[in-house]
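A short write-up of the structure that comes next.
Everything quoted here is computed from the prediction, not taken from an experiment.
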Amino acid sequence: MEIQTQTIKKETKVATKRMTGAEAVIRCLLAEGVDLIYGYPGGAIMPVYDELYKFQDQLHHVLTRHEQGATHAAQGYARASGKVGVAVATSGPGATNFVTGIADAQIDSTPMVCITGQVGSHLLGSDAFQETDIIGISTPITKWNHQVTKAEDIPTVLAKAFYIAKSGRPGPVLIDITKDAQFGELDFAYEKCKGIRSYLPVPETNPESIKEAAELINNAKKPMIVFGQGVILGEAEEELKSFIEKSGIPSAWTILGLSALPTAHPLNVGMVGMHGNYGPNKLTNECDVLLAIGMRFDDRVTGNLETYAKQAKVVHFEIDPAEVDKNVKADVAVMGNVKNTLAQMLPLIQPNSYDAWLQEFKDYDKIEFEKVIKEELYPSKEGLSMGEVLRGINEETKGDAIIVSDVGQHQMIACRYAEFNKTKSNVTSGGLGTMGFALPAAIGAKMGAPEREVVTIIGDGGYQMTIQELGTIFQTRVPVKIVVLNNDFLGMVRQWQQLFFDKRYASTEMVNPDFITIAKGYHIKAKRVTKREDLQEAISEMIASDQPYFLEVCVEKENNVFPMIPTGASVSDIRLE
């Protein structure tokens with residue numbers, strides 16, 4: 001095709017090439033360094049898929065079995081790799097099937113670009129076949145969305161999409177492209193977006209806030225850190241570790257902050273939240289300075305806000321101004337990327353240790369071990385526990401695997417007991433709590449970090465919500481290890497029914513299919529374990545395999561996850577039984 005030059009900015013000339021909008025979409029993705037996308041074709045996105053066919057040696061497409069699976073796979077890819085995940089679907093039901101994954105990515109701050117096809121622009125608003133207003137539907141659950149009706153707008157819009165998705169507090173972006181824009185032609189030139197007027201992804205850090213925070217920390221008697229996923233998203237793991245070790249402050253984590261600091265670190269005191277550890281929950285209401293680093297004070301962390309850390313001075317390290325004072329009033333707000341703010345703070349922090357304070361956490365640990373952990377990891381009952389399965393996985397992976405968990409009791413067990421040495425090792429649905437997340441997310445995580453072992457922990461309920469993605473595993477042969485902890489119940493709901501609804505198990509008992517036969521139908525090696533003496537050998541065989549592997553472990557039907565903070569209760573009211 002004829003090569004021309006086109007003035008893009010004043011005094012800037014960029015080589016252009018005449019092409020269709022569909023080809024422009026592919027070339028934009030390549031220009032952004034994308035080499036892997038997840039999706040499902042259909043009529044309104046067919047021109048893009050036709051161009052994708054021509055570029056398949058440069059851009060690998062993974063055909064998921066459902067559009068929701070494509071979004072969760074893109075999320076898993078993004079969480080494991082640190083890159084932007086990309087998902088593609090057609091209009092109408094293809095686009096609406098994206099909604100759950102987009103909402104999940106929004107609340108968990110996962111960078112993702114979703115591209116949907118749309119009916120021709122002349123048909124918009126006419127209730128045409130497979131027309132849905134995906135822009136209107138997705139507006140509350142995206143960081144940004146935009147509909148493209150002209151081919152010439154595609155490069156600029158997609159450049160903005162990638163910039164917005166990845167910058168500042170990350171999140172999902174949806175771009176809806178009409179069919180005529182895909183068929184139309186343009187003089188293609190691509191420039192990566194480096195900024196957008198009025199959009200400030202990283203707020204300026206006030207030096208005074210650094211000084212105020214340092215003074216509070218240096219004068220604290222019982223300080224406590226709670227760190228979240230902002231540390232991982234900001235690539236601030238080393239800064240956090242240096243800060244913790246110099247300050248000597250006991251440090252707890254939210255579910256999505258898990259793996260930012262090795263679980264075996266001597267100042268890692270465990271998980272906060274509804275099913276978190278006894279000590280950090282109890283002592284949240286006894287610390288005198290609470291440092292919230294890259295976390296947003298979710299209700300599952302705080303419990304009753306009227307009683308949460310009222311005695312403490314709160315220092316909130318945050319990149320998103322909307323999160324400051326939203327749930328918990330900050331005495332000092334340190335704005336900016338925590339990688340930078342922690343680095344600025346470090347020289348002002350006096351080296352310290354809090355031996356007596358740290359011992360309080362250890363004392364609570366002993367109580368929790370005797371009342372909860374010992375029986376979960378080393379059960380005296382005949383039936384298998386979820387915790388001993390995680391213990392067996394830890395023994396085989398040595399804390400180096402990525403653990404992808406679904407939502408429910410098994411998720412809490414996985415987050416409580418999995419051991420991690422490396423960052424970006426815990427992939428789970430946090431804020432939205434999406435059952436069905438784990439299987440497709442594990443596919444994406446393995447493709448995003450192919451050098452790492454990926455083990456997904458799923459309950460029998462959530463597994464069946466996206467079980468069709470076994471077909472994606474079969475077709476791609478991606479060697480994920482699937483562990484279904486089967487208790488024949490929707491376990492977390494059943495636990496609440498037992499504790500708060502007088503054991504009225506309404507619609508929570510599962511009549512399950514033969515999972516082994518289903519896995520074998522997809523040519524995936526499968527094994528079922530019902531006895532303790534067979535468990536470790538099966539886990540060893542699974543981890544040693546270089547192929548996809550399905551392991552079903554039949555666990556106790558009515559075991560509960562403790563500790564537990566009842567809804568609406570104070571973190572001080574955490575229950576051990």
Side-chain angles (χ1 to χ4, degrees), residues 1-61 84 86-92 94-95 98 113-126 128-135 138 144-165 173-194 196:
M1 293 184 181
E2 183 182 357
I3 301 293
Q4 308 171 20
T5 60
Q6 178 186 24
T7 302
I8 303 298
K9 290 183 179 179
K10 192 174 182 180
E11 299 180 354
T12 302
K13 291 188 176 182
V14 179
T16 65
K17 184 178 181 180
R18 194 73 178 170
M19 65 181 65
T20 66
E23 183 180 348
V25 170
I26 303 303
R27 291 193 178 275
C28 290
L29 295 177
L30 293 172
E32 288 289 343
V34 177
D35 57 8
L36 178 64
I37 63 177
Y38 302 89
Y40 205 98
I45 198 68
M46 208 174 295
V48 168
Y49 270 85
D50 187 55
E51 291 298 331
L52 181 61
Y53 182 83
K54 305 170 188 177
F55 286 85
Q56 54 190 302
D57 59 332
Q58 300 175 60
L59 184 57
H60 180 54
H61 176 269
V84 176
V86 179
V88 182
T90 192
S91 63
F98 267 9
V113 171
C114 294
I115 298 171
T116 54
Q118 185 55 275
V119 300
S121 56
H122 67 290
L123 292 172
L124 290 172
S126 71
F129 177 68
Q130 291 194 334
E131 181 200 358
T132 299
D133 180 10
I134 194 60
I135 295 298
S138 65
W144 181 60
N145 65 11
H146 188 84
Q147 187 173 75
V148 178
T149 59
K150 297 179 180 178
E152 56 263 33
D153 294 338
I154 288 172
T156 301
V157 170
L158 280 178
K160 281 185 179 180
F162 277 89
Y163 175 71
I164 292 171
V173 171
L174 182 136
I175 306 301
D176 192 45
I177 309 175
T178 60
K179 203 165 183 179
D180 52 323
Q182 297 171 53
F183 278 126
E185 292 192 345
L186 71 155
D187 293 322
F188 178 81
Y190 195 78
E191 284 188 295
K192 288 189 177 184
C193 182
K194 297 179 181 177
I196 300 171

Looking at V157, L158, D176, which one forms a side chain to side chain contact (heavy atoms under 4.5 Å, CB included) with V148? V157

Could you go through the side chain to side chain contact (heavy atoms under 4.5 Å, CB included) check for L52 and I37 one step at a time? CA-CA 10 Å; L52 181 61; I37 63 177; 4.1 Å; yes

Rounded at 0.5 Å granularity, tell me how far SG in C28 sits from CD1 in I115. 8.5 Å

Would you sort out whether F162 and V34 count as a side chain to side chain contact (heavy atoms under 4.5 Å, CB included), showing the intermediate values? CA-CA 10 Å; F162 277 89; V34 177; 3.7 Å; yes

Can you name the nearest heavy-atom pair linking A161 to V113, along with the distance? O-CG2, 3.9 Å

Gap separating the CH2 atom of W144 from the CG atom of L174, nearest 0.5 angstrom: 10.0 Å

Look up atom CD1 in I154 and atom OG1 in T20, then write down how far apart they are to the nearest 0.5 Å. 8.0 Å

The criterion is side-chain hydrogen bond (donor to acceptor under 3.5 Å, both in side chains); which residues satisfy it with T178, sequence neighbours excluded? D180

Salt bridge (Lys or Arg N to Asp or Glu O under 4.0 Å) partners for E51, two or more places apart: K54

Run the salt bridge (Lys or Arg N to Asp or Glu O under 4.0 Å) test against E185 and tell me which residues pass, sequence neighbours left out. R18

Indicate the atoms forming the closest heavy-atom contact of A44 with V119, along with that distance. CB-N, 4.4 Å

Residue pair L124, Q147: steps toward the side chain to side chain contact (heavy atoms under 4.5 Å, CB included) verdict: CA-CA 11 Å; L124 290 172; Q147 187 173 75; 3.4 Å; yes

Is the distance between the ring centroids of Y38 and H61 less than 6.0 Å? no

Smallest separation among heavy atoms of T16 and A189, with atom names: CG2-CB, 3.5 Å

Could you report the tightest heavy-atom contact between P47 and A22, atom names first, then the distance? O-CB, 3.4 Å

Tell me the closest heavy-atom pair linking T116 and A95, and the distance in Å. CG2-CB, 3.9 Å

Tightest non-hydrogen contact, residues G125 and E131, listed as N-OE2, 2.6 Å

Which residue pairs pass the salt bridge (charged side-chain N to carboxylate O under 4.0 Å, His left out) test when at least one of the two sits in residues 25-49, sequence neighbours left out? E23-R27

side-chain hydrogen bond (donor to acceptor under 3.5 Å, both in side chains) with S138: which residues, sequence neighbours excluded? N145

Approximate separation, where rounding is to 0.5 Å, of Q118 CD and T132 OG1: 7.0 Å

Heavy-atom side-chain contact between V88 and Y49 under 4.5 Å: yes

Got a sec, which residues hit side-chain contact (heavy atoms from CB on, under 4.5 Å) with A31, two or more places apart in sequence or on another chain? Y190

Distance col, row H146:NE2 vs D153:CG, nearest 0.5 angstrom, shows 6.0 Å

Could you check whether any side-chain N or O of K194 sits under 3.5 Å from a backbone N or O of Y163, counting only pairs where one atom can act as donor and the other as acceptor? no

Nearest-0.5 Å distance, CD of residue Q130 to CG of residue L123: 12.5 Å

